[in-house]
Amino acid sequence: MKKIAIFPGSFDPFTKGHEDIVKRGLTLFDEIIVAIGHNTKKDNRYFNINLIIRKIEECFVRYENISVITYDELTASLAKKYKAKYLLRGLRNTTDFEYENSISQINKHLNLELESVFLITSPEYAYISSSIIREVHNYGGDISDYLPYSTKDL
Ligand code: ADP
């Protein structure tokens, strides 16, 4: 049976750290669905969601087994819908661990078949976070080193 993983996140924006987790995830899974959590009723994102979807698709244009979707429901339910038995997540530090630990327990409780799989960040991307990138961009700084696509139209 095909091993399908969901890589859920806000991806506001999708970074080189995220791209690295997806590419490394392909050594474990047959198919990866990048799932952007998005509350359709209140759009409180910094970067335009459609633009980010396009940028992620550009990154993986050569990979037939990577797709991008948005969702507005429990990640555990989304996984059932897509017959995905795995949630892929990245870990940078102990703060990530604390958060991921409780989230994965809840997800397991909501969907017993779901296993969360964690990849430790590659050291060169360990300092990259979407929130810091938003901060730099907001004050007019250059964010091109942190994102795996052209940032001219962001
Ligand atoms: P969320 O809002 O769910 O935390 P993010 O978009 O911030 O979503 O991140 C999605 C996943 O990617 C999380 O598991 C997060 O820990 C991981 N991640 C974020 N940045 C990096 C990075 N630089 N290296 C490795 N993993 C990362």
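For ligands, and for the atoms within them, numbers begin at 1 and follow the listed sequence.
Contacts of D12 with ligand 1, taken as heavy-atom pairs under 4.0 Å, are absent altogether. When non-hydrogen atoms are compared, ligand 1 lies under 4.0 Å from neither the backbone nor the side chain of K16. Contact annotation: for P8 versus ligand 1, heavy atoms closer than 4.0 Å belong to the backbone alone. Residue-level proximity to ligand 1 for Y127 is absent, since no heavy atom of it falls below 4.0 angstrom.
Put simply, CZ on R92 and CD1 on I120 are 11.5 Å apart, with the number rounded to the nearest 0.5 Å.
Residue A126 has no nitrogen or oxygen atom sitting less than 3.5 Å from a nitrogen or oxygen atom of ligand 1, judged on distance alone. Residue Y99 places no N or O, backbone or side chain, under 3.5 Å from any N or O of ligand 1.
Looking at Y149, its side chain does come within 3.5 Å of a backbone N or O of F14 through a donor-acceptor pair. A donor-acceptor pair is defined here as one N or O able to donate and one able to accept, closer than 3.5 Å; no such pair exists between the side chain of R134 and the backbone of P13.
Nearest-heavy-atom check against atom 8 (O) of ligand 1 across S10, S131, A35 picks out S10.
Considering only non-hydrogen protein atoms, atom 4 (O) of ligand 1 sits nearest to R89 NH2, 3.7 Å. Of all protein heavy atoms, the one closest to atom 6 (O) of ligand 1 is F11 N, 2.9 Å. Here the protein heavy atom with the shortest distance to atom 7 (O) of ligand 1 is H18 NE2, 4.2 Å. Nearest protein heavy-atom neighbour of atom 21 (C) of ligand 1: R92 CD, 3.6 Å.
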Got a list of side-chain donor-acceptor pairs under 3.5 Å for residues 78-87, not counting sequence neighbours?
{"unit_1": "K81", "atom_1": "NZ", "unit_2": "E73", "atom_2": "OE2", "d": "2.7"}

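Using cut-offs of 30° and 60° for the angle between ring planes, the F11 and F7 rings count as tilted.
Under 3.5 Å, the side chains of R24 and S122 contain a donor-acceptor pair of N or O atoms.
With sequence neighbours left out, the side chain to side chain contact (heavy atoms under 4.5 Å, CB included) criterion links I49 to I36, H38, R45, I53, T70.
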